[in-house]
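Beneath this line is the structure, given in structure tokens, with notes to follow.
Just so you know, these numbers use all the heavy atoms, side chains as well, and skip hydrogens, waters and symmetry mates. Below, read A as the first sequence line, B as the second, and so on, with proteins coming before strands; counting in each chain starts at 1.
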Number of protein chains: 2
Amino acid sequence: MSVGIRHDDLRRRNRAMVISAVRRAGQPSRTEIAATTGLSHSTISAISADLIQEGILTESKASEPTALKRGRPQIGLALNPEAAAVLTVVLSLNFLSVAVIDYAGQVVAEEQQRLDTLVMPRDELIGECVAIVRRRLQDPDLDIGSVARIAMGIQGITDSHARAMLWSPITPLTDIPFADILEKEFGISATMENDCNMMAVALQWRDPERYRDDFIAILLSHGIGMGLVLKGALFTGTHSSGGEFGHMIHRPGGALCRCGRRGCVEAYAGNYAIWRSAMKMSEDAEPVDVGDADMRALAAKARERDGPEREAYRRAGEALGFGLGSLFALIDPAPVAMVGVSAAAFDLIEPALREAIAQTAGGQHSESISFDTEPNELPLIREGCAMRALTFVDQEIFAPGGQARVGTGKNVA
Amino acid sequence: MSVGIRHDDLRRRNRAMVISAVRRAGQPSRTEIAATTGLSHSTISAISADLIQEGILTESKASEPTALKRGRPQIGLALNPEAAAVLTVVLSLNFLSVAVIDYAGQVVAEEQQRLDTLVMPRDELIGECVAIVRRRLQDPDLDIGSVARIAMGIQGITDSHARAMLWSPITPLTDIPFADILEKEFGISATMENDCNMMAVALQWRDPERYRDDFIAILLSHGIGMGLVLKGALFTGTHSSGGEFGHMIHRPGGALCRCGRRGCVEAYAGNYAIWRSAMKMSEDAEPVDVGDADMRALAAKARERDGPEREAYRRAGEALGFGLGSLFALIDPAPVAMVGVSAAAFDLIEPALREAIAQTAGGQHSESISFDTEPNELPLIREGCAMRALTFVDQEIFAPGGQARVGTGKNVA
DNA sequence: CACTATTTTTTTGAGGCTCGAAAAAAAGCC
DNA sequence: GGCTTTTTTTCGAGCCTCAAAAAAATAGTG
């Protein structure tokens with residue numbers, strides 16, 4: 001908070017700014033960069049010359065049809081794909097996937113694998129993750145030295161420093177310091193990210209028009225998760241990844257949640273909760289895993305006739321609506337992206353959701369709150385992990401110099 | 001987000017850093033400032049020489065007994081009280097108070113006044129606020145030219161730019177642009193702040209040990225309000241002052257809230273709600289104003305015997321507990337300060353609150369969550385307004401130069 | 001095809017800022 | 001009074017950004 005700016009930080013920050021402008025814009029010319037950053041042409045010229053010389057950027061002359069204007073044509077700057085690579089690891093229920101991504105953001109290799117996360121012992125789970133990463137790193141096509149960062153994403157709660165998985169619904173194991181494990185094993189800096197946070201990061205890159213400064217990504221799957229971006233920055237808890245929207249209280253003392261408590265939003269809106277309700281089982285019934293196919297069949301049945309299935313989705317919508325209402329009371333309304341298998345059934349959820357939200361203070365202009373849906377969360381999570389790792393490389397590896405101030409007030413996060 | 005750092009910004013930021021270090025530490029020496037900011041001695045020396053020359057800081061030689069050490073004695077730097085002044089205006093239910101505060105933070109004049117906020121027409125309410133400010137500014141002891149900022153605080157919702165009151169429980173009027181009104185009237189820059197946010201700001205200055213990076217200030221009064229500090233910064237909504245904890249949903253479709261909706265936390269924990277419940281009135285009964293004396297009497301009776309009064313406080317505690325549980329699910333647990341007349345009855349509220357919070361995901365370590373109480377909110381609100389105004393002067397008036405980049409990529413918020 | 005207009009990029013010199021090292025200042029200690 | 005210790009100031013070096021000028025690269029024009 002109260003640490004001064006050193007003279008050498010200046011160049012570092014402006015380097016980072018230029019790299020970030022190129023990553024965001026694709027192939028901007030120097031003039032464009034000068035415009036978006038507010039720096040002078042001479043500064044941009046000097047910095048980009050450095051970056052090209054170091055192999056971080058390249059001039060991409062032969063680009064577009066340049067809209068034949070008069071004057072010296074602009075030279076597009078692009079990220080050099082070979083400047084570095086990052087590796088993403090996504091661990092979800094019974095499924096592990098890894099991808100290698102070049103510096104320009106293109107996937108260059110990937111591998112997927114099924115495994116029984118729910119019953120695997122600790123050593124084995126860790127071992128499988130390490131093994132799949134090792135296989136990718138041993139790929140002869142890959143220059144292992146260029147892999148600069150590993151970002152791992154997992155469903156569940158991670159710590160606020162993105163180092164460890166604290167708790168996850170996909171395994172009974174807790175407190176696995178995946179980031180440290182991967183770093184020690186491969187000597188490559190790593191992070192352990194929360195799945196919904198990565199969804200939010202990915203949405204921000206995919207559609208910056210709609211998802212820019214303030215928005216919410218909600219995962220409607222077995223459990224209910226949330227990634228929240230406020231004022232352009234990812235929101236996290238003070239100690240954990242935070243944003244446990246699914247465990248806000250919908251009805252005190254109500255239905256049994258997978259977390260062992262009662263009345264959470266998830267206990268009404270998670271897949272298992274919708275299933276339980278549709279099957280007319282007790283609210284105290286132990287949560288069970290429901291496959292995606294079963295959920296799709298359930299949604300189909302609910303669309304077909306007005307029965308307990310439709311009522312189950314209605315109740316899910318109500319829980320989500322009141323939960324969002326409470327959330328909006330705190331942060332004001334914002335666009336929402338519904339992600340996951342039950343997002344495909346959002347037509348069944350939306351009416352009750354809107355009705356509930358309209359009864360809350362946060363829903364004052366509930367008609368204007370817009371929802372978008374995306375049934376497949378895995379690609380989003382991987383994309384988010386990739387962008388997270390790449391922007392880390394941009395800022396901390398290719399624009400260094402602000403080495404954690406040794407003197408005093410460091411902990412800059 | 002993506003705006004470069006200009007060369008001249010550097011000095012401006014480091015100037016601001018030095019001023020802020022002095023305001024925080026009281027009478028630090030140049031060496032201490034160098035240590036806390038991480039800047040070199042030469043830089044601190046140069047900047048503080050400028051600031052002294054400009055009359056912003058003063059050397060306070062004849063200070064402490066300096067613990068007679070060897071070596072050249074440290075020279076304490078202090079804020080020059082005459083460098084500027086700020087004015088605070090706090091408007092609460094039937095009460096208006098104004099204070100003039102010097103640059104070092106000392107109150108140099110104040111004035112208070114009763115008025116019927118609930119029934120005053122718009123012109124009159126605005127007129128009274130303007131009039132009391134004018135009287136203070138006309139004080140012959142005050143150099144009007146030195147008044148650099150006005151900070152007004154009000155109970156209710158303000159916009160996120162701190163310009164206008166959007167809605168307030170103390171008046172049926174809405175959307176009063178107080179900041180603009182005061183600026184036009186007096187030609188002094190002004191803001192319109194939310195009362196609970198100012199409470200939080202004040203706590204951060206009063207007790208930085210306890211209230212530093214993450215904490216919550218909750219106003220237990222007629223209504224329920226909240227000020228939230230996360231990662232050291234005041235949290236606000238995306239469009240309004242946000243943090244409307246009192247209007248999170250406790251029981252969907254439940255008791256009637258003053259906001260016209262049902263089941264809000266406030267409808268169980270606001271003074272009127274506790275009163276309604278203790279008097280065994282219907283949950284649909286229209287909220288009424290209850291005086292502080294009546295509330296104290298109610299609390300006394302609740303302590304005396306186990307009757308409907310005690311039950312009313314229990315229900316308030318339950319609502320607050322589940323609300324906090326939901327909040328903690330989002331941001332993780334943090335220290336809480338309970339402020340306002342019902343904070344004096346926190347002994348009656350706490351047991352049920354802790355019981356409720358323990359049933360939520362956010363309350364996993366509920367024993368370790370600590371509560372502090374402060375029955376009187378008005379001094380806190382004034383203090384917060386004063387510090388807000390003073391730090392604005394510190395940063396924007398005495399460390400300028402970063403004038404809203406004219407060129408292009410502005411909208412820096 | 002030479003020449004002009006236009007736009008982008010690079011070069012150059014000036015001015016500022018911070019830093020480290022050395023010097024100066026201001027005490028206590030013997 | 002001289003010596004030690006600690007704080008503060010001074011000074012030159014090294015960077016960084018900026019504005020202005022120069023260079024580069026193309027389209028239009030007769």
Side-chain angles (χ1 to χ4, degrees), chain A residues 3-18 27-53 57 59-77 399 401-403 405-407, chain B residues 3-18 27-53 57 59-77 399 401-402 405-408:
Chain A
V3 66
I5 301 182
R6 307 269 282 266
H7 199 224
D8 28 329
D9 291 349
L10 224 165
R11 192 49 174 282
R12 178 186 146 266
R13 296 209 194 189
N14 286 342
R15 268 176 73 106
M17 204 69 72
V18 170
Q27 292 201 341
S29 69
R30 291 169 177 79
T31 310
E32 278 177 65
I33 297 174
T36 59
T37 60
L39 297 170
S40 72
H41 284 198
S42 16
T43 303
I44 300 300
S45 188
I47 292 177
S48 47
D50 284 357
L51 293 173
I52 289 170
Q53 200 267 316
L57 298 185
E59 291 193 339
S60 68
K61 199 158 263 173
S63 57
E64 333 82 279
T66 47
L68 17 122
K69 282 183 310 177
R70 249 153 109 110
R72 180 174 175 170
Q74 304 191 350
I75 305 170
L77 294 177
Q403 302 97 330
R405 194 98 59 267
V406 270
Chain B
V3 65
I5 302 183
R6 308 269 282 266
H7 202 221
D8 28 328
D9 293 348
L10 224 166
R11 192 50 173 280
R12 178 185 147 267
R13 296 208 193 190
N14 286 341
R15 268 175 72 107
M17 205 68 74
V18 170
Q27 292 201 341
S29 71
R30 291 169 175 79
T31 310
E32 278 177 66
I33 297 173
T36 58
T37 60
L39 297 171
S40 73
H41 286 198
S42 17
T43 304
I44 301 299
S45 189
I47 292 176
S48 45
D50 285 357
L51 293 173
I52 290 170
Q53 202 267 317
L57 298 185
E59 293 193 339
S60 68
K61 198 159 266 177
S63 57
E64 332 83 276
T66 45
L68 18 122
K69 282 184 307 178
R70 253 156 106 108
R72 178 173 178 171
Q74 303 191 351
I75 305 171
L77 294 178
R405 195 98 60 265
V406 270
T408 52

Between C:dG16 (C1') and B:Asp9 (CG): distance, integer Å = 13 Å
Any sub-3.5 Å donor-acceptor pair from A:Thr37's side-chain atoms to A:Ile33's backbone N or O?
-> yes
Could you state the atom-to-atom distance from CG of A:Asn14 to P of D:dC16 in whole Å?
-> 10 Å
Measure the distance from CZ on B:Arg15 to P on C:dT18 and round it to the nearest whole Å.
-> 11 Å
Which nucleotide in the list D:dT8, D:dC18, D:dC16 gets nearest to the side chain of B:Arg30?
-> D:dT8
In terms of side-chain heavy atoms of A:His41, which of C:dA27, C:dT10, C:dT8 is nearest?
-> C:dT10
Remember a base hit wins even if backbone is also touched, and classify A:Ser42 as base, sugar-phosphate or nothing at under 4.0 Å, heavy atoms.
-> base
Hey, does the side chain of A:Ser45 reach the backbone of A:His41 with a donor-acceptor pair shorter than 3.5 angstrom?
-> no
Looking at C:dT7, C:dT18, D:dT7, which one has an atom nearest to any side-chain atom of A:Arg72?
-> C:dT7
Can you find a side chain N or O atom of B:Arg11 that sits less than 4.0 Å from OP1 or OP2 on C:dT18?
-> yes
Any chance you could measure A:Ile44, atom CD1, to A:Glu32, atom CD, to the nearest 0.5 Å?
-> 11.5 Å
Of A:Ser45 and A:Gly71, whose nearest nucleotide on DNA chain C comes first from the 5' end?
-> A:Gly71
How close or far is atom P of C:dG16 from atom CD1 of A:Ile5, stated in whole angstroms?
-> 19 Å
From the candidates C:dA5, D:dT17, C:dT10, the one with an atom nearest any side-chain atom of A:Arg70 is C:dA5
Taking CZ from B:Arg6 and P from C:dT18, how many angstroms apart are they, rounded to a whole number?
-> 17 Å
Please test B:Gln27 against B:Leu77 for side-chain contact (heavy atoms from CB on, under 4.5 Å), starting from the C-alpha separation and ending with a verdict.
-> CA-CA 5 Å; B:Gln27 292 201 341; B:Leu77 294 178; over 6 Å; no
Could you state the atom-to-atom distance from CG of B:Leu39 to C1' of C:dC17 in whole Å?
-> 11 Å
To the nearest Å, give me how far apart CZ (B:Arg12) and P (C:dC17) are.
-> 14 Å
Between A:Asp50 and A:Arg11, is there a salt bridge with N-O shorter than 4.0 Å?
-> yes
Nearest-Å distance for atom pair CD1/P, residues B:Ile47 and C:dG16 = 16 Å
